[in-house]
Amino acid sequence: MKYALVTGGSRGIGRAICVKLAEMGYTVLINYQSNIAAAQETQQLIADKGGASELLPFDVSQPEAIEKALDTWTEAHPDDYIDVLVNNAGIRRDTLMIFMQNEDWDGVVDTTLNGFFYTTRRLLKGMLGHRHGRIVNMVSLSGIKGLPGQVNYSAAKAAVIGATKALAQEVASRKITVNAVAPGFIATDMTKELNEAELKKMIPTGRFGLPEEVADLVGFLASDQASYITGEVISINGGLYT
Ligand code: NAP
């Protein structure tokens, strides 16, 4: 049994990644924070395609919750380890910096950057011991270019890009790859309140991307074919470059 954990797998890009990895033969651990109904929908989509999954709720910003959930999972699966980790959970708390409250800053940094750190550190041991692993971090165009109104989000995603490059060098000799995927505008709950008609005029392909398109890229990075790609940030943005 090969296991993959996708944080924020209940909705949007994370859901599409769960389905993709299940199609590739992984038993997918669907993490979510609170939306159990959406997580169960992801589970059903996987089951409909003949795949296997388990729900694994925890808040990625809470290290004790992560340890507890994964300790319980490990006790139930003493001979298994998690070979693929997709750090996808993320939130936006957009506002101009002059108006940004501490909780807007802390919420985004805790989820994106600290969530990456706590979850990845927990799973690294198993990957190092088994001398194999794939870590894919969901970052953003915002973390490369910087976007006004997203000082918190741009900072957190840029920090994860730095961490991706550093960690990739630490673990490459153990056949663990660490890469980042940087989407532009993707049609999910996170972007549903944006003015798509206006924004898509800036995108050379003239449309928002689909979660499934991001999932195909993540699936490739998780595959054996991508074993010589590490420490990279791969953009998927319809040509919307900096
Ligand atoms: P989304 O539709 O808003 O879904 C967010 C997911 O993250 C949900 O599954 C949610 O769980 C989970 N989540 C949020 N906070 C969490 C926490 N503290 N612990 C565990 N899970 C948590 O978002 P999305 O658009 O699919 O975005 C997914 C990732 O792609 C994010 O990292 C985002 O920054 C990045 N991204 C998105 C876009 C875009 O255009 N959509 C562009 C660039 C980058 P619940 O369902 O339980 O709330």
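When a ligand or atom number is given, it counts from 1 through the structure's own listing order.
A continuous path of Ile, Leu, Val, Met, Phe, Trp and Tyr side chains, each step under 4.5 Å between heavy atoms, connects Leu167 with Val233, placing both in one hydrophobic cluster. Under the 4.5 Å side-chain heavy-atom criterion for Ile, Leu, Val, Met, Phe, Trp and Tyr, Val160 and Val108 are members of distinct hydrophobic clusters.
Atom numbering of ligand 1 starts at 1 in the shown order; those under 4.0 Å from a heavy atom of Asn88 are 28 (C), 29 (C), 30 (O), 31 (C), 32 (O). Every atom of ligand 1 is numbered from 1 in the order shown, and the set under 4.0 Å from a heavy atom of Gly12 is 2 (O), 26 (O). In summary, the atoms of ligand 1 found under 4.0 Å from a heavy atom of Ser140, numbered by their order in the structure, are 43 (C), 44 (C). Within ligand 1, the atoms closer than 4.0 Å to a non-hydrogen atom of Asp189 are 2 (O), numbered from 1 in the order shown. For ligand 1 and Phe185, the ligand atoms under 4.0 Å from any heavy atom of the residue are 40 (O). Atoms of ligand 1 lying under 4.0 Å from at least one heavy atom of Asn35, given by number and element, are 45 (P), 46 (O), 47 (O). Proximity to Ile13 (heavy-atom distance under 4.0 Å) selects the following atoms of ligand 1: 26 (O), 30 (O), 37 (C). In the vicinity of Phe58, heavy-atom distances shorter than 4.0 Å reach the ligand 1 atoms 19 (N), 20 (C).
Under 4.0 Å from ligand 1, not a single heavy atom of Phe208 appears. Under 4.0 Å from ligand 1, heavy atoms of Val60 appear from its side chain as well as its backbone. At a heavy-atom cutoff of 4.0 Å, ligand 1 is contacted by no atom of Arg92, backbone or side chain. Contacts of Ala38 with ligand 1, taken as heavy-atom pairs under 4.0 Å, are absent altogether. Contacts of Asn31 with ligand 1, taken as heavy-atom pairs under 4.0 Å, involve the side chain alone. When non-hydrogen atoms are compared, ligand 1 lies under 4.0 Å from the side chain of Thr188 (C-beta onward) but not from its backbone.
Any N or O atom pair closer than 3.5 Å counts here, and Leu141 shares no such pair with ligand 1. Considering backbone and side-chain atoms alike, Pro183 places every N or O at 3.5 Å or more from each N or O of ligand 1. Taking distance alone, with nitrogen or oxygen atoms compared against 3.5 Å, Thr191 stays at or beyond that limit from ligand 1. Taking only nitrogen or oxygen atoms, main chain and side chain alike, Ile91 does not reach within less than 3.5 Å of ligand 1. Close N/O approach between Ser61 and ligand 1 is not found [any backbone or side-chain N/O within under 3.5 Å].
In this structure, Glu103 does not pair ionically with Arg93, as no charged nitrogen and carboxylate oxygen lie closer than 4.0 Å. Under the 4.0 Å criterion applied to side-chain N and carboxylate O atoms, Arg122 and Asp71 are assigned as salt-bridge partners.
Counting protein heavy atoms only, atom 44 (C) of ligand 1 is closest to Val139 O, 3.1 Å. In terms of protein heavy-atom proximity, atom 48 (O) of ligand 1 is closest to Arg11 NH2, 2.8 Å. Here the heavy atom of the protein found nearest to atom 33 (C) of ligand 1 is Tyr153 OH, 3.4 Å. Closest to atom 15 (N) of ligand 1, if we only count protein heavy atoms, is Gln33 OE1, 3.5 Å. Here the protein heavy atom with the shortest distance to atom 40 (O) of ligand 1 is Ile186 N, 2.8 Å. Annotation: atom 7 (O) of ligand 1 to nearest protein heavy atom, Gly8 CA, 3.5 Å. In terms of protein heavy atoms, atom 13 (N) of ligand 1 is closest to Ala89 CB, 3.9 Å. Scanning the protein for heavy atoms near atom 9 (O) of ligand 1, the closest one is Ser10 OG, 2.6 Å.
Screening Leu147, Val151, Asp94 against Ser142 for a side chain to side chain contact (heavy atoms under 4.5 Å, CB included) leaves a single residue, Leu147.
Side-chain atoms of Met127 and Val171, non-hydrogen and from C-beta on, never get closer than 4.5 Å to each other. The shortest side-chain heavy-atom distance between Ile46 and Ile30 falls under the 4.5 Å cut-off. Residues Tyr3 and Glu54 have side chains in contact (heavy-atom distance under 4.5 Å, counting atoms from C-beta outward). Side-chain contact between Met24 and Leu21: present, with at least one pair of heavy atoms (C-beta onward) separated by less than 4.5 Å.
In this structure, CG on Asp79 lies 11.5 Å from OG1 on Thr74, to the nearest 0.5 angstrom. In this structure, the separation between OH on Tyr32 and OG1 on Thr42 is 10.5 Å, given to the nearest 0.5 Å. How far CG of Asn179 is from CZ of Phe220: 9.5 Å, rounded to the nearest 0.5 Å. Lys145 NZ to Ser140 OG: the interatomic distance, rounded to the nearest 0.5 Å, is 11.0 Å.
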>> Could you walk me through whether Glu193 and Arg92 satisfy the salt bridge (charged side-chain N to carboxylate O under 4.0 Å, His left out) test, starting with their C-alpha distance in whole Å, then the side-chain angles of each, then the deciding distance to 0.1 Å, before giving a yes or no?
In response: CA-CA 12 Å; Glu193 278 150 26; Arg92 291 196 301 137; 5.4 Å; no

> Under the side-chain hydrogen bond (donor to acceptor under 3.5 Å, both in side chains) criterion, do Thr164 and Asn137 qualify, and how do the steps go?
Replying inline: CA-CA 7 Å; Thr164 300; Asn137 300 320; 3.0 Å; yes

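Of the listed residues (Ser34, Gly143, Gly90), the one carrying the non-hydrogen atom nearest atom 5 (C) of ligand 1 is Gly90.
Heavy atoms of Gln62 stay at 4.0 angstrom or farther from ligand 1. Proximity of Gly184 to ligand 1 is established by a heavy-atom distance of less than 4.0 Å. Not a single heavy atom of Thr112 sits under 4.0 Å from any atom of ligand 1. Note on ligand 1: Thr7 sits outside its first shell, no heavy atom being nearer than 4.0 Å.
For the residue pair Asn87 / Thr120, a side-chain donor-acceptor distance below 3.5 Å is found, with atom types taken as modelled. No hydrogens or angles considered: a donor-acceptor pair under 3.5 Å links the side chains of Asn114 and Asp110. His132 and Asp83 form a side-chain donor-acceptor contact under 3.5 Å, judged by distance and modelled atom types alone.
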